[in-house]
K.L.:
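This structure is in structure tokens; I'll ask about it shortly.
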Amino acid sequence: MKTLPFDSVKVTSGYLFGKQELNRKTTIYSVYDRFDESGRVKAFEFTYDKNDPNAIQPHYFWDSDLAKWIESVAYIIKNDPDYDRSLEEKADAIIENIKKHQEENGYFNIYFTVVEPENRFANRDWHELYCLGHLMEAAVAYADATGKRDLLECVSKYTDLVIRVFTEERSAGFVTPGHPEIELALIKAYDFTGDKKYLDLAEFFIDNRGCSDEINNDKMFQSHKPVRELDEATGHSVRAMYLYTGMASLAKKTGDQSLIDACRRLWEDTVFRKMYVTGGIGSIHMGEAFTVPFDLSNDQAYTETCAGIGLMFFSNEMLSFENNARYADVIERVLYNGVLSGLSLDGRSFFYENPLEINLRDHITNIWGTKRYPITQRLECFSCSCCPPNVTRLIATLGNYFYGIDGDTFYINQFVSSEAEFDGVYCKVSTEYPLNGRVTVSVKGTKKVAVRIPEWCDNFSLNKDFSFENGYAVIDNDGEDIVIDLDMTPKIVYADPRISSDAGKVCVMRGPIVYCAEGVDNGEFLHSFILPKELDATETFSEEFGLITLEVPCRKRLPFEGGLYSSFKPQTEKTTLKMIPYNCFANRGETDMVVWFCMDK
């Protein structure tokens, strides 16, 4: 299918509409202010002086932070004709500094120009091509939204230099980027400009990856073998997702079946062997990486927000090859859980990592640092602050994930109150999802409508006859409203027995939302709670969270009296466990948190 672009979709109400409003009114400004305070904005003025002890030295990936912020501004402008002009003014000022300080040969980097000019293109892990990729995405988005092409012209000039250095002279210290990103950006630039130099360069980087004797030619860099031979997701999880997305984007242009097959293998390995119930990926902090299948620790889970966003990118590209609802299922799972958990409820602070368990006692007693735990409260800015502007650009473009079209069939991939117009097709969806499962769909201009039936949904009803194809209910479109009711009764979810961290445990989901419990609601020793086999949960709408909270009758183990150990089974008492949506955890102060619980025998 061809997924509809976000600018063909208008979100009209509901939970995700609220997130977009928060992004537009609060988050985009907060991210800029933190970047300004940290010296990122000033770095584009090229005033850094090595001899000044008070000067803030730019980092070699700071270009990408501001590039993603500019890209986010472009999307907000595209969505809202009444946008705040001050956002455009700030973006214009950064772009003007890029124009002013770009070298005659096209090179631009705020670090390697003023700190280590002698080390340009010397190390594949120093993010120069990664930064160019993000500048490229920003340039395309900004030109599309505003008609201003200054940044696009700068990027084009820089790309010409990269083509000469990497493909003609072969004079760089490496052949392919250590941190993939430019590959998918080049495809976007090609789509927007029609200039084949971008497509050719993307093909060069992808075709040569894993085929050279570069330093760090290993699994951590996804360059241990040619990309068409890859069969498992390895290494740094964000780099992997960006590379796989670039591969899928290129395969869509070229029809290269071996590349498509590799993408399918990599997606399946990621989702079926290395993904958390929240959709998070990347198990350990060392290398921010995948490990072996089924290694999914909860309290030390890395699950970087950017990795979840990357999985959304990759899954959406896979819908271009296969009209299979499983890709949209994963997008929904990671969006509502593993990505939105990265943003605070007030829209001002972020998680880089998204653990599935917090035990404050472990953090307190870890005085020797023998274990490494994620932070327990979100921050407004990080030294490596890639996630905040990644969140702002994703939320501004959520419409990219809602709909698709293939021939005479219109696909409903996500359930969001919205309107879409594309190539003579009009669609309107009305729903309060994910508060409830009723979705009303009206489509004009196609013969068939395909509505995704989510993998989590055990029961549903439709007011139309349908056939079931690859996870979609396919309906002959008579122009009348299609009404679907998805059963969102809270239910127990089990983990694959091969996941040792979750052995004998269960978690709770209601619709697409994964639930957790926090100490602030339930007191200490959350591991003492035992969930029943059959839930009888009370549902309550929370104004604070904008979602449903649950009260689950259960049992709780009582502490022993007179000693730590006993040959007698622990006694239990009846109690109630309050559960909140996982994406809302850590918004009410530092507290314990658990997703996976023991279950009653």
K.L.:
Hey, is NZ on Lys2 packed in by over 12 heavy atoms from elsewhere, all under 6.0 Å?
P.N.:
no
K.L.:
Is the terminal nitrogen or CZ of Arg239 (NZ for Lys, CZ for Arg) located under 6.0 angstrom from the six-membered ring centre of Phe221 and within 45° of that ring's axis?
P.N.:
yes
K.L.:
Is it the case that the side chain of Thr176 and the backbone of Arg209 share a donor-acceptor pair, with hydrogens and angles ignored and the cut-off at 3.5 Å?
P.N.:
no
K.L.:
As a test of understanding, state which of Tyr401, Trp456, Tyr327 forms a side-chain hydrogen bond (donor to acceptor under 3.5 Å, both in side chains) with Glu332.
P.N.:
Trp456
K.L.:
Parallel, tilted or perpendicular: which describes the rings of Phe121 and Tyr107, with under 30° parallel and over 60° perpendicular?
P.N.:
perpendicular
K.L.:
In plain terms, say whether Glu71 and Lys68 are close enough for a salt bridge, that is, a side-chain N and a carboxylate O under 4.0 Å apart.
P.N.:
no
K.L.:
Got a salt bridge between Glu203 and Lys196, using NZ or NE/NH1/NH2 to carboxylate O under 4.0 Å?
P.N.:
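Salt bridge: no.
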K.L.:
Is the shortest side-chain N to carboxylate O distance from Arg120 to Glu128 below 4.0 Å?
P.N.:
no
K.L.:
Using modelled atom types only, decide if a donor and an acceptor are shared between the side chain of Asn23 and the backbone of Ile395 within a distance under 3.5 Å.
P.N.:
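Side chain of Asn23 to backbone of Ile395, a donor-acceptor pair under 3.5 Å: no, none is there.
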K.L.:
With a 4.5 Å heavy-atom cut-off, do Tyr15 and Ile513 have their side chains touching?
P.N.:
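SC-SC contact between Tyr15 and Ile513 ruled out.
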K.L.:
Does the side chain of Ser418 come within less than 4.5 Å of Tyr403's, by heavy atoms?
P.N.:
yes
K.L.:
Please work out whether the ring planes of Tyr242 and His179 are parallel, tilted or perpendicular, with thresholds of 30° and 60°.
P.N.:
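The rings of Tyr242 and His179 sit tilted, inter-plane angle from 30° to 60°.
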K.L.:
Centre of Phe321's six-membered ring, under 6.0 Å away, within 45 degrees of the axis: is that where NZ or CZ of Arg264 sits?
P.N.:
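Negative - Arg264 is either too far from the ring of Phe321 or too far off its axis.
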K.L.:
For Arg124 and Ser223, which I'm curious about, is there any donor-acceptor pair between the side chains at under 3.5 Å?
P.N.:
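Yes, a side-chain donor-acceptor pair sits under 3.5 Å.
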K.L.:
Parallel, tilted or perpendicular: which fits the ring planes of Tyr60 and Trp126, with parallel below 30° and perpendicular above 60°?
P.N.:
tilted
K.L.:
Phe314 vs Tyr244 aromatic rings, parallel, tilted or perpendicular, using cut-offs 30° and 60°?
P.N.:
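Aromatic pair Phe314/Tyr244 classed tilted.
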K.L.:
Sequence neighbours left out, what passes salt bridge (Lys or Arg N to Asp or Glu O under 4.0 Å) with Arg378? Give chain and number order.
P.N.:
none
K.L.:
Hey, is the main chain of Arg34 close enough, under 3.5 Å, to the side chain of Ser38 for a donor-acceptor pair?
P.N.:
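Indeed, once roles are kept as given, a pair shorter than 3.5 Å links the two residues.
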K.L.:
Does NZ in Lys197 sit with more than 12 non-hydrogen atoms of other residues, nucleotides or ligands closer than 6.0 Å?
P.N.:
yes
